[in-house]
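Notes follow the structure.
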2 protein chains.
Amino acid sequence: MTQVEKTAGMFMPVTIGRASEEIVLQVEAAVLDGRLAPGERLPSERDMQVQFGAGRGVIREAIKTLQQKGLLEVRKGAKGGAFVRSLDVAHVSESLALFLKLHPVNPEKLIEFRETMDRAITVLAIARGSAADKAALLAGAQRLEALLREPEPDLAATDELDRALNLRLARMAANPLFEWVMSALQMGFSSHDYALYADPVFREKAAANWSDTAQAIAAGEPARALSFIGHHYVLLRQCVESRSERPGSVEVPFLNEPSD
Amino acid sequence: MTQVEKTAGMFMPVTIGRASEEIVLQVEAAVLDGRLAPGERLPSERDMQVQFGAGRGVIREAIKTLQQKGLLEVRKGAKGGAFVRSLDVAHVSESLALFLKLHPVNPEKLIEFRETMDRAITVLAIARGSAADKAALLAGAQRLEALLREPEPDLAATDELDRALNLRLARMAANPLFEWVMSALQMGFSSHDYALYADPVFREKAAANWSDTAQAIAAGEPARALSFIGHHYVLLRQCVESRSERPGSVEVPFLNEPSD
DNA sequence: TGCAAGGTAATGGTCGTACCATTTGGGGCG
DNA sequence: CGCCCCAAATGGTACGACCATTACCTTGCA
């Protein structure tokens with residue numbers, strides 16, 4: 001390594017307390033104030049071992065922490081190493097999603113919250129979404145409807161498409177905070193919509209309603225769109241309530257284990 | 001360790017891919033489906049080394065990751081070890097704060113999101129909040145107004161009180177999701193509010209408006225309350241815009257470092 | 001000359017061992 | 001009976017070795 005490291009002198013040997021925490025703080029500070037930009041590469045573990053005056057295990061633990069924080073991305077092999085990463089909103093959503101998985105909420109509360117978000121997002125998306133976005137949303141909704149009208153719908157595929165559509169809609173709102181929350185909600189719980197599409201009674205109505213909603217959005221008709229959204233959540237509430245009336249598997253209602 | 005570990009047979013030796021990731025997944029799964037409850041202690045690193053059939057470094061890296069996720073808390077010394085922790089919303093806040101530091105979102109987006117939440121919360125709080133809650137909210141708002149009318153207001157105190165009022169309002173909505181999301185975003189908001197209360201021009205109006213809002217909520221008048229909330233955000237927008245017009249200290253606008 | 005195959009060096013991933021630092025708890029001594 | 005000190009448990013750190021993967025370069029063949 002004859003090439004001069006940019007990070008030469010950027011880091012101080014650690015002396016106090018938990019060494020790895022100290023390293024995390026130093027690197028994090030360097031990223032936050034721009035001394036390290038996204039895409040830049042940190043020295044190799046063995047070089048940092050020298051710069052920080054610490055053992056390699058400590059360096060690796062610090063990198064692991066920073067990786068988990070979403071600040072670093074690690075590639076192996078020659079020209080590999082730890083690279084500064086531009087933290088994306090999905091990472092923050094994961095954090096919230098994990099929290100939500102550990103704190104089960106009443107389905108009604110979840111529906112209430114989602115409906116609130118959905119209404120706000122829809123209005124914003126109509127105002128800000130591009131024509132291409134709206135066309136794509138409509139096409140997706142119609143594809144979802146087609147999938148759901150098949151005699152034996154692929155629920156995994158429809159669930160996935162439903163998620164993608166919701167996420168696209170949130171993105172059209174052009175406000176990362178809405179995107180963050182919706183994305184977290186999707187990661188945190190998902191089986192409501194899944195259940196909605198699982199029931200053949202609700203499936204068709206919900207599918208048609210999605211298309212209607214997308215059409216209203218594409219046409220720039222917020223009032224119509226909000227009506228359809230209201231309809232969607234009426235269906236969802238009916239579906240959830242009808243399931244909770246039936247005994248059996250009521251105890252663990254809406255948290256699906258990501259079984260792998 | 002003659003005592004039988006509860007975790008005996010709970011974990012499988014790792015064989016595939018990145019070993020530490022595999023361990024993280026196994027422990028996370030155990031926590032998520034309740035096999036490991038908050039407060040419980042995992043085996044010692046040396047024991048897990050045997051259970052997972054991996055080196056100690058790998059175990060430690062997995063623990064570090066889980067610690068960073070907020071799922072574990074590590075204590076050293078005898079009777080120490082890794083303990084399952086009940087993930088709190090503050091952890092999500094940290095994650096979001098880091099994101100906001102790296103991707104400063106337009107203050108307008110922040111305000112937009114918050115206004116949406118606030119309107120929904122207000123309507124719910126009026127419908128569901130107890131009389132005692134409403135009285136306490138009103139009393140707090142009036143105390144805030146009194147504090148802000150002093151010639152030299154204690155901005156730290158008013159900021160704290162404002163925070164408490166917002167949190168109380170969110171709690172009155174009786175939907176934990178609103179409360180969590182508002183909590184997670186508190187620190188993104190706080191410097192805006194700080195600016196609002198720091199400016200003597202806006203201070204008085206905002207203070208009076210808080211009281212008006214609380215009064216409308218206490219009186220069960222949603223339309224009035226929403227009008228006042230609209231007024232609040234008009235003020236906030238004016239304040240932010242007037243600050244962004246003035247050069248100087250615009251670079252570091254709204255995130256205050258939680259220095260500890 | 002061009003391209004493909006194999007070698008080589010850089011680098012993260014894993015393992016093992018040894019030792020240090022901290023905390024708990026109990027046993028011995030006053 | 002109470003205080004102090006030592007021993008055990010356990011996380012924290014260091015060092016060294018080797019493996020696996022990857023990018024790059026050299027060599028040799030067409």
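These values consider heavy atoms only, across backbone and side chains, with no hydrogens, waters or symmetry-generated copies. Throughout, protein chains are lettered first and strands after them, A, B, ... in sequence-line order, and every chain is numbered starting at 1.
Between A/Leu177 and B/Arg114, the closest side-chain pair of non-hydrogen atoms is not below 4.5 Å. A/Leu169 is listed as a side-chain neighbour of A/Ile217, based on a closest heavy-atom distance under 4.5 Å.
Rounding to whole angstrom units, CD of residue B/Glu73 and C1' of C/dT23 are separated by 15 Å. Remark: P of D/dG12 and CD of A/Glu22 are 16 Å apart, rounded to the nearest angstrom. The CD1 atom of A/Ile23 sits 13 Å away from the C1' atom of D/dA14 (whole-angstrom rounding). Taking atom NZ of B/Lys76 as the reference point, atom C1' of D/dA8 lies 17 Å away to the nearest angstrom. Protein atom CD of B/Gln49 is 13 Å distant from nucleotide atom C1' of C/dA18, rounded to whole Å. For the pair B/Glu21 CD and C/dT14 C1', the interatomic distance rounds to 14 Å; values are reported in whole Å.
Looking at heavy-atom distances under 4.0 Å, A/Arg75 makes contact with sugar-phosphate atoms alone, never a base. B/Gly57 comes within contact range of no nucleotide atom at all, as no heavy-atom separation falls under 4.0 Å.
The B/Lys79 side chain lies nearest to C/dG25 when the options are D/dG12, C/dG16, C/dG25. Distance from the side chain of A/Val74 is smallest to C/dG13 among C/dT14, C/dC15, C/dG13.
A/Asn106 CG to A/Glu112 CD: the interatomic distance, rounded to the nearest 0.5 Å, is 9.5 Å. A/Glu28 CD to A/Gln26 CD: the interatomic distance, rounded to the nearest 0.5 Å, is 11.5 Å.
In terms of phosphate contacts, B/Arg41 brings a side-chain nitrogen or oxygen within less than 4.0 Å of OP1 or OP2 of D/dT10. Between D/dG12 and B/Arg60, a contact under 4.0 Å exists linking OP1 or OP2 to a side-chain N or O.
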Inset, instruction - Could you please spell out the steps behind the salt bridge (Lys or Arg N to Asp or Glu O under 4.0 Å) verdict for B/Arg75 and B/Glu73? - result: CA-CA 7 Å; B/Arg75 294 198 284 267; B/Glu73 167 193 12; 3.6 Å; yes
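Toward the 5′ end of DNA chain D lies the nearest nucleotide of A/Arg46, the other residue of the pair A/Gly77 and A/Arg46 mapping further downstream.
Counting atom types as modelled, B/Arg56 pairs a side-chain N or O with a base atom of D/dG12 as donor and acceptor under 3.5 Å.
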